[in-house]
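Quick caveat, the model's predicted, so the values are computed rather than measured.
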Amino acid sequence: MLMAALIALERILADPRLRSAFRAQVHTPRRLPRKPLARESTDVFERRLAEQALAESEARLRVLVDNAPVILFALDQDGVFILSEGKDLARLGLEPGRVVGTSVFDLYRDYPVIVDNLRRTLAGEARNFVAEVGELVFDTRTLPFHDDDGAIVGLIGVATDVSDKRRAEDALRASEAKFHAAFHASPDGISIADMDGTFLEVNEGFCRMFGFAREEMIDRSSDELGLWVDPADREEMIDCLRRHGTIRPTEWPMRTRTGRRISAQISAALIELEGRPCILAVSRDVTEQRQIEAALRASEAKFYTAFRASPDAMVISHLGDGRVIEINDGFTRVFGHTRQQALGRTSLELGLWTEPRDRARFVALLQEEGRVRELELPFGTRDGEVRTGLLSAELIEIDGEPHVLTVVRDVTERKRAAEALRASEARFATAFRASPDALVLSTLPDGVFLDVNQGFTRIIGYDREEAIGRTTTELGLWTEPEDRQRMLAALRQAGKVTDMETAFRAKDGVVHPCQLSAEVIEIDGQEVLLSVVRDVTERKRAEEERERFVEELEAKNAELERFTYTVSHDLKSPLITIRGFLGLLERDVEAGDRARIQRDVAQVRNATATMQRLLDELLELSRIGRQVNPYQTIDLGRLVREAVELVGGRLEERRVEVAIGDLPAVRGDRQRLLEVFQNLIDNAAKFMGRQEAPRIDVGGREEGGEVVCWVRDNGIGIEPRYHDKVFGLFDRLDPRSEGTGIGLALVKRIVEVHGGRVWIESAGAQRGTTFYVALPRRPLEPAAAS
């Protein structure tokens, strides 16, 4: 619609008489001197003809303006509106003709994109640009308007409101990005397959679950990969999907790459991709969960065996009143009550609590936290002795009633022996034990552990008893022994260490990246090293995962973009050749020249064969991802002659002479390098301009460790400031030229994949252009590169 409106306006203004009448309408009329009667009659007649033509043109333009959802406008050479029409003016809150006489540079001074493009049009450059005004987006085209002498006297333009289209495109891109992120970030396995079970896409979770790389699964079926233990299970799933469209989470036995059997919980739904039904499935490995459940059942079966055999006192009692329903032999040994004496009585009736308020505190803590760990309290025995116990308890449910499983360890003797040690630890024991980080007290000279906290046990894995009295070296904690020397050097220099990056090996062999801080303190007159170790494994893993995901996403997006451009460009050259030789064939048939007819048919056949080959390669590429052809030694002279034949239609049409000099051999992907020279020769022929004797020279030489080739033409040339721009995607220096604008970008990509480089030399307009391609004499072979 935009182009139709602009073309109509251009055609109306193309007639000199109409253009004069148009300028007469938009400029202030001047009073003309009176002419002789005969001359005046002729002028009146011509003026009436012009007025009639103008009226007809205006009628046609008015029909277009009234029915096209566009904005038609015209500016004089100073940027003042002389025309403002069209339905879409209402989107800007304007009426037709409202801004006539107003400067566009004043009206849109806050919109630099609009101002810049209009100034460039008034300078003689046709422009296509997107103008954003508030929340509105307009696709705009402007053309300079010339007078009869060719001087620019203003511009004409058409703008179409594409705001809704832009919002829809943005919403679609956001939706696709969200799906892509969710698909690849999910910890569950997600797969998309056709109804035959052939995988079209899988995520990282799916690959991790079954042990295959993505490339090994794409375009292969679950039956080929041996994922189903019983293939009938898959038929059952497909049948269910056909009948219901979805499958709720269902477990099936599956098999991984190594043959290990797993329990897979699968949810699935039918979706449509490119007009065909496919299966979107979410799989979760519940093998470990089922093993845990089985272990729990076994654990419950063994519970009473462990309950009876424990050396500590164990008792199960009702939470509300403390009535005993079961005890073990350890209870009898510690408290002195037999099973018959204890069952059915409360703990208060048995005299277990020396202070009844201790039970109230115990129950309150249990209800608040859900558990009690090593609560030290005095307790009474059957013979009246008061002893000290460590109470640990858990809330359990029996027949729907809350009960308490309590374990009492008699620590009376140990408590007496450790009294002196507890006195020395009292000053910082609370902070030391409560820290979520690993805290260690050790001797300064040799690093013998004096004490560790629960954070140390959780991170490093050694119990307190296993660590005390041993050194870091004996436990093998330092993954890099030099780090300990680095820590000691920092201590000697600064007296402390703050957030030193290091790594420790845990008891189970797992290496944890950590931050280490250390300082020398004094305890009982002895210098002791207090070390704080913070495990940063999860933080490091999250950072690495985020960086890896971003890199993979960028690489995949770049590869997808390159693939799209290749498809668009590679299919074009054979079509150009076919079109060119069909024209020659038509001429030769009329002339009855059988030899030339046969030659033309052969060229068309070769071009169609090339297209078929490209289509086959692209189909294979779509199946297996990026394709790397084996490198071979290439006769560049023969390859260039083949490239000349492929673009022979254009060369014949423009009568371009091609001279091929001596070319050295080179190793590489022959098909891709053929595309390089085909594009360069076609590009040179395309931009010959009006050269009377168009010529292209192709040559090469060995230079150092490279083979340097060139394609030189005597065409229109390229200004030096555009030399880098020509290799950009869609960067066509002349918007009116044919082609998609990706040919030279494709050349650059292929040469860089070969480890080479490409550049141009041109002195400027009408001075010709030389494209250079430098390839390594010994390129990195595809296998090594991958």
Side-chain angles (χ1 to χ4, degrees), residues 177-178 180-190 202-211 213-214 256 262 265 282-292 295 369-371 373 430-442 449 451-464 466-467 472 475-484 486-487 490 496-519 529-556:
K178 290 177 183 177
H180 187 275
F183 183 87
H184 288 284
S186 173
D188 291 331
I190 305 178
V202 295
N203 74 341
E204 291 82 352
F206 195 81
C207 295
R208 189 167 51 248
M209 179 173 172
F210 288 99
R214 177 182 176 277
T256 69
I262 62 173
Q265 188 180 77
V282 179
S283 306
R284 178 174 294 176
D285 186 352
V286 295
T287 307
E288 185 176 352
Q289 178 182 342
R290 297 297 175 256
Q291 291 172 345
I292 292 173
E369 302 291 340
R371 62 175 60 185
R373 285 290 177 267
T430 302
F432 186 84
R433 300 293 178 197
S435 173
D437 297 325
L439 270 65
V440 176
L441 288 174
S442 60
F449 286 126
D451 202 359
V452 299
N453 71 343
Q454 292 180 357
F456 177 91
T457 300
R458 184 179 62 256
I459 297 172
I460 305 302
Y462 289 96
D463 293 334
R464 182 171 179 272
E466 293 176 303
T472 54
L475 294 177
L477 301 187
W478 296 95
T479 58
E480 298 291 340
E482 308 83 61
D483 284 355
R484 183 173 187 275
R486 188 158 55 95
M487 178 195 71
K496 63 179 180 179
V497 175
T498 303
D499 293 337
M500 186 181 94
E501 296 285 342
T502 186
F504 290 104
R505 183 179 291 104
K507 182 180 180 180
D508 58 4
V510 176
V511 175
H512 295 266
C514 298
Q515 283 184 340
L516 171 65
S517 298
E519 190 168 355
L529 183 63
L530 171 63
S531 302
V532 181
V533 178
R534 173 164 296 174
D535 187 355
V536 295
T537 303
E538 292 303 319
R539 191 190 75 190
K540 293 283 189 182
R541 185 178 294 121
E543 292 173 353
E544 292 171 358
E545 184 68 13
R546 182 175 65 252
E547 293 174 359
R548 184 187 62 80
F549 178 78
V550 170
E551 291 174 356
E552 289 180 356
L553 185 60
E554 291 175 348
K556 290 178 180 178

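Ion pair Glu551/Arg548 not flagged as a salt bridge, since none of the NZ, NE, NH1 or NH2 atoms sits closer than 4.0 Å to an Asp/Glu carboxylate oxygen. Note on Lys507 versus Glu466: salt bridge recorded, some NZ/NE/NH1/NH2 to OD/OE distance being below 4.0 Å. At a threshold of 4.0 Å, the pair Glu543-Arg539 counts as salt-bridged, since one of the basic side-chain nitrogens sits closer than that to a carboxylate oxygen.
The CD1 atom of Ile190 lies 12.0 Å from the CE atom of Met209; values are rounded to the nearest 0.5 Å. Distance check, rounded to the nearest 0.5 Å: CD1 of Ile262 to OG1 of Thr287 gives 5.0 Å. Rounded to the nearest 0.5 angstrom, Leu530 CG and Asp451 CG are separated by 10.5 Å. We find the OG-CZ distance between Ser517 and Arg534 to be 8.0 Å, quoted to the nearest 0.5 Å. In this structure, Asp499 CG and Cys514 SG are separated by 12.0 Å, a value rounded to the nearest 0.5 Å. A distance of 14.0 Å separates NZ in Lys496 from CG in Leu529, rounded to the nearest 0.5 Å.
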message = side-chain contact (heavy atoms from CB on, under 4.5 Å), that's the test. Do Phe504 and Ile460 meet it? Break it down for me.
response = CA-CA 8 Å; Phe504 290 104; Ile460 305 302; 4.1 Å; yes
task = Please test Asp188 against Ser283 for side-chain contact (heavy atoms from CB on, under 4.5 Å), starting from the C-alpha separation and ending with a verdict.
result = CA-CA 6 Å; Asp188 291 331; Ser283 306; over 6 Å; no
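Arg541 is not listed as a side-chain neighbour of Pro513, based on a closest heavy-atom distance of 4.5 Å or more. Using a 4.5 Å heavy-atom threshold, the side chains of Trp478 and Met487 count as touching. Counting heavy atoms from C-beta on, the side chains of Met500 and Gln515 never come closer than 4.5 Å. Contact of the Leu439 side chain with the Ser531 side chain is not registered, since no non-hydrogen atoms from C-beta on lie closer than 4.5 Å. For the pair Val510/Arg505, no side-chain contact is recorded, criterion being any heavy-atom separation below 4.5 Å from C-beta on. Using a 4.5 Å cut-off on side-chain heavy atoms (C-beta onward), Tyr462 and Thr457 make no contact.
Heavy atoms from other residues, nucleotides or ligands lying under 6.0 Å from CZ of Arg484 number more than 12. Atom CZ of Arg373 sits in a crowded spot, with more than 12 heavy atoms from other residues, nucleotides or ligands closer than 6.0 Å. Atom CD of Gln265 sits in a crowded spot, with more than 12 heavy atoms from other residues, nucleotides or ligands closer than 6.0 Å.
Residues that satisfy the ring pair (Phe, Tyr, Trp, His ring centres under 6.0 Å) test with Phe206, not counting sequence neighbours, are Phe199, Phe210. In terms of the salt bridge (Lys or Arg N to Asp or Glu O under 4.0 Å) criterion, Glu480 has no residue partners (sequence neighbours excluded).
In summary, the side chains of Asp535 and His512 do present a donor paired with an acceptor at a separation below 3.5 Å, with no hydrogens or angles considered.
Between the side chain of Arg486 and the backbone N or O of Pro481 there is no donor-acceptor pair closer than 3.5 Å.
Heavy atoms only, all atoms of each residue included: Asn203 and Ser186 are closest at ND2-O, 3.5 Å. Of all heavy-atom pairs between Asp437 and Asn453, the closest is O-ND2, 2.8 Å. Among all heavy-atom pairs drawn from Ala503 and Val511, the shortest one is CB-CG1, 3.8 Å.
The aromatic rings of Phe449 and Phe456 sit perpendicular to each other, their planes meeting at more than 60°, with 30° as the lower class boundary.
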